[in-house]
Amino acid sequence: MAIKQPTIQHTAVQNGHPYFSTELLAWYRAQKRTLPWRKNHDPYRIWVSEIMLQQTRVDTVIPYYLTFMEKFPTVQALAEAPEEEVLKCWEGLGYYSRARNLQAGAKMVMELYDGIIPNDKEAVSGLKGVGPYTSGAIMSIAFNRPEPAVDGNVMRVLSRFFCLEEDIAKPATRAGIEKLAAALIPEGAAGDFNQALMELGALICTPKSPGCLTCPVMEECEGRLAGRELELPIKTKAKPPRQEYRAAALIWGNGENAGKLLVRQREGKGLLAGMWELPHLLLPPHAADWFAEEASKEQPELAEMLTVMVEQDTGQLIRPKGWLKDADHIFSHILWKMRVIECDLGEESTGIADEKNGAESKPEEAASKAAEALMAAAEEREDYVNHSAEEASKSLIPGGMVYRWIDREDMELLPFPNLFLRIIGETWERRGRGEAL
DNA sequence: AAACCGGGGGA
DNA sequence: TCCCCAGGTTT
């Protein structure tokens with residue numbers, strides 16, 4: 001029979017470590033930063049901050065947090081807001097499912113707990129978007145309950161102080177460190193102590209060049225005493241992101257849509273869920289060849305594929321004008337290599353959702369049928385697409401994708417991921433200088 | 001357990 | 001450039 005090894009072997013798991021806990025807590029209380037979410041212990045304010053701080057640095061979060069709290073000051077305000085407004089406030093922060101889950105959690109608090117975040121670990125853990133770290137953070141910081149809150153900082157600090165050599169990429173290691181972190185919490189000081197661990201990791205015990213000389217617990221740090229602080233924590237490396245080649249169309253409208261751009265909304269699940277984007281295609285792997293040659297920037301293949309896609313999706317016939325720019329975007333697990341083709345519309349194709357250009361005025365039979373189908377779909381899905389019938393009639397809905405003509409003001413209202421925001425923003429700059437189509 | 005989910009800043 | 005970040009959810 002195999003013997004099950006405990007993950008983290010250390011006496012501190014049983015006995016705690018008075019030196020470490022006392023010194024660290026004192027340091028934090030003397031040195032802690034003044035941060036917007038440290039004004040008070042309002043559980044909602046703590047909750048929002050902890051979600052924003054997932055995978056995101058303090059300095060990045062602060063302006064978003066201030067805007068968010070001003071716009072959604074209470075659980076109720078957040079629960080009742082249109083999702084698009086919430087996503088807009090999150091624009092540029094990334095990991096947009098955090099925003100969607102946070103609002104879903106707010107709705108749960110309204111329905112299940114009468115709008116009051118309960119002082120109950122199981123209840124908080126059950127909220128959408130709240131995992132082990134966040135529940136521990138909320139319980140300890142908002143309610144001062146002795147729960148561990150183990151994030152990357154805490155794993156680094158404890159790995160170094162106790163010279164732990166387990167791979168912190170493994171869930172079992174995290175579980176062990178959680179036990180250790182729980183045993184270290186000083187009586188009645190859970191909130192401050194957990195924040196102290198993270199503050200030390202953020203300010204002193206940093207990944208690359210830890211400031212051991214100014215560390216409040218350097219005297220008994222086993223990692224430093226062994227001269228191994230730079231080796232710890234041990235973490236297996238992630239796989240490199242896969243490459244995806246994509247072709248995007250930047251399409252100028254005409255007639256009533258002159259000066260506007262055609263964009264569409266991504267579906268509600270998966271990558272960049274619910275965000276808006278330029279219409280684009282995933283290309284086959286051999287597209288790498290097309291991207292390799294500078295000379296091929298006419299790109300007849302891409303132009304043709306984009307034309308077919310937009311025609312199928314919206315019934316509109318676009319006229320590709322030529323290469324605009326290439327743009328790379330790195331996600332944690334995918335590398336997008338995107339080639340943007342600038343297009344306009346043929347004279348005969350003037351906005352399918354425009355009532356003045358109804359089906360009868362269109363010579364092409366296919367386009368006519370597409371127009372009818374689109375209008376019908378727009379009516380059916382009016383509630384989902386937009387907030388008013390008028391807006392819905394302007395949306396083009398083919399295979400579930402919502403297309404829309406936007407001007408600059410629309411761009412201020414709709415949530416875009418940074419990569420598209422950049423491209424569209426630059427384009428309008430150029431147009432302002434008279435360089436665009 | 002591994003994959004999926006963004007974007008930015010530090011070194 | 002590379003690395004990592006105040007992680008959670010889905011498969």
Side-chain angles (χ1 to χ4, degrees), chain A residues 28 32-33 35-38 46-65 87 90-102 104-105 124-138 140-141 148-157 167-175 177-178 181 191 193-203 205-211 230 233 235-242 244 266-275 277 328-336 415-422:
Chain A
Y28 173 74
K32 67 178 176 183
R33 292 170 290 180
L35 298 171
W37 44 90
R38 288 181 177 164
I46 303 300
W47 181 18
V48 172
S49 74
E50 291 301 337
I51 299 297
M52 283 193 174
L53 287 163
Q54 290 170 6
Q55 310 298 316
T56 313
R57 289 182 156 72
V58 166
D59 290 340
T60 305
V61 164
I62 288 174
Y64 283 92
Y65 181 79
L87 277 176
W90 215 269
E91 185 182 79
L93 258 187
Y95 284 99
Y96 300 100
S97 65
R98 291 185 294 172
R100 301 156 57 78
N101 288 337
L102 177 58
V124 169
S125 298
L127 296 174
K128 197 84 172 145
V130 176
Y133 163 74
T134 308
S135 67
I138 294 173
S140 61
I141 299 172
V150 173
D151 66 353
N153 278 324
V154 175
M155 287 196 285
R156 185 173 58 256
V157 167
D167 181 356
I168 65 167
K170 294 186 186 303
T173 304
R174 185 200 181 90
I177 293 184
E178 269 182 3
F193 179 73
N194 284 348
Q195 292 184 85
L197 277 171
M198 294 186 272
E199 194 89 339
L200 188 72
L203 298 181
C205 197
T206 53
K208 291 302 176 185
S209 57
L230 289 178
K235 184 181 183 181
T236 56
K237 291 189 171 80
K239 290 192 308 184
R242 69 173 183 274
E244 287 186 0
R266 298 178 63 85
E267 58 178 329
K269 289 189 169 185
L271 184 66
L272 303 171
M275 307 288 284
E277 65 179 7
D328 289 356
H329 189 74
I330 303 173
F331 301 89
S332 48
H333 57 305
I334 313 174
L335 168 58
W336 276 11
F416 288 88
N418 262 359
L419 102 130
F420 292 111
L421 210 53
R422 227 171 264 142

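From a predicted model like this one, the values you see are computed outputs, not experimental measurements. Letters A, B, ... are given to chains in the order of the sequence lines, protein chains preceding strands, and every chain is numbered from 1.
- When distances are taken from the side chain of Ser332(A) to each of dG7(C), dC5(B), dG9(B), the shortest belongs to dC5(B).
- Within 4.0 Å (heavy atoms only), Lys237(A) reaches sugar-phosphate atoms of the nucleic acid but no base atom.
- Among the atoms of the strands shown, none is found under 4.0 Å from any heavy atom of Val154(A).
- The residue among Gly129(A) and Arg38(A) whose nearest nucleotide of DNA chain C lies closer to the 5′ end is Arg38(A).
- Glu199(A) has no carboxylate O lying under 4.0 Å from a charged side-chain N of Lys32(A), or vice versa, which leaves the two without a salt bridge.
- Contact check, Tyr96(A) against dG7(B): a side-chain N or O comes under 4.0 Å of OP1 or OP2.
- Residue whose closest nucleotide on DNA chain B sits further toward the 5' end, between Pro417(A) and Ser209(A): Pro417(A).
- Out of dG7(C), dG7(B), dC5(C), the shortest distance to the side chain of Asn418(A) is found at dG7(B).
- Using a distance-only test at 3.5 Å, with no hydrogens or angles considered, a donor-acceptor pair links the side chain of Arg98(A) to the main chain of Gly94(A).
- Proximity of Thr56(A) to the phosphate of dG7(B): no side-chain N or O atom is located under 4.0 Å from OP1 or OP2.
- A donor-acceptor contact under 3.5 Å links the side chain of Tyr95(A) to the base of dG6(B).
- Rounded to whole angstrom, the span from the CZ atom of Arg98(A) across to the P atom of dG7(B) amounts to 10 Å.
- As a whole-Å value, the separation of Phe420(A) CZ from dG7(B) P is 10 Å.
- At whole-Å resolution of the value, CG in Leu421(A) and C1' in dG7(B) are 13 Å apart.
- Taking side-chain N and O atoms only, Arg156(A) has a distance below 4.0 Å to OP1 or OP2 of dC5(C).
- Partner assigned to dG6(B) is none, using Watson-Crick or G-U wobble distances below 3.5 angstrom.
- Residue Lys239(A) places at least one side-chain N or O under 4.0 Å from the OP1 or OP2 atom of dA3(B).
- Atom pair Arg242(A):CZ and dA3(B):P shows a separation of 11 Å (rounding to whole Å applied).
- To the nearest whole angstrom, the two C1' atoms, one in dC5(C) and one in dG6(B), are 12 Å apart.
- One P atom belongs to dA11(B), the other to dA6(C), and the distance between them is 12 Å to the nearest Å.
- In this structure, Leu272(A) reaches the sugar-phosphate backbone alone: every heavy-atom distance under 4.0 Å involves primed, P, OP1 or OP2 atoms, never a base.
- Among Pro210(A), Pro233(A), Cys205(A), the one residue that satisfies the side-chain contact (heavy atoms from CB on, under 4.5 Å) test with Val157(A) is Cys205(A).
- Residue-level contact check: Leu35(A) touches the bases, meaning some heavy atom is under 4.0 Å from a base atom.
- Of the candidate nucleotides dC5(C), dG6(B), dA6(C), dG6(B) has the atom nearest to the side chain of Leu271(A).
- Atom pair Lys269(A):NZ and dT10(C):P shows a separation of 8 Å (rounding to whole Å applied).
- The CZ-P distance, from Arg100(A) to dT10(C), rounds to 11 Å in whole Å.
- Leu335(A) and Pro241(A) make their closest contact through N-CB, 4.0 Å (heavy atoms, listed as atom of the first residue, atom of the second, distance).
- The nearest whole Å value for the distance from the CD1 atom in Ile334(A) to the P atom in dC5(B) is 6 Å.
- Side chain of Arg266(A) to main chain of Leu271(A): a donor-acceptor pair is present (N/O by atom type, distance under 3.5 Å, no hydrogens or angles).
- Taking for each of Pro233(A) and Lys128(A) the nucleotide of DNA chain C with the nearest heavy atom, the 5'-most of the two is the partner of Pro233(A).
- Nucleic acid contact for Gly92(A): sugar-phosphate only, since backbone atoms but no base atoms lie under 4.0 Å from a heavy atom of the residue.
- Taking only distance into account, the side chain of Gln55(A) meets the base of dG7(C) through a donor-acceptor pair shorter than 3.5 Å.
- DNA chain B is contacted by both Phe331(A) and Lys208(A); Phe331(A) maps to the nucleotide lying nearer its 5′ end (nearest heavy atom per residue).
- Side chain of Thr206(A) to backbone of Ala202(A): no donor-acceptor contact under 3.5 angstrom is found.
- The phosphate of dA3(B) (OP1 or OP2) has no side-chain N or O of His333(A) nearer than 4.0 angstrom.
- When the side-chain nitrogen and oxygen atoms of Arg422(A) are compared with OP1 and OP2 of dG8(B), one or more of them lie within a distance under 4.0 Å.
- Between Gln54(A) atom CD and Asp151(A) atom CG the span is 10.0 Å, to the nearest 0.5 Å.
- Here His329(A) does not reach the OP1 or OP2 of dG6(B): none of its side-chain N or O atoms lies under 4.0 Å away.
- Nucleic acid contact for Thr206(A): none, since no nucleic acid atom lies under 4.0 Å from a heavy atom of the residue.
- Counting to the nearest Å, the C1' atom of dA6(C) and the CG atom of Asp151(A) are 5 Å from each other.
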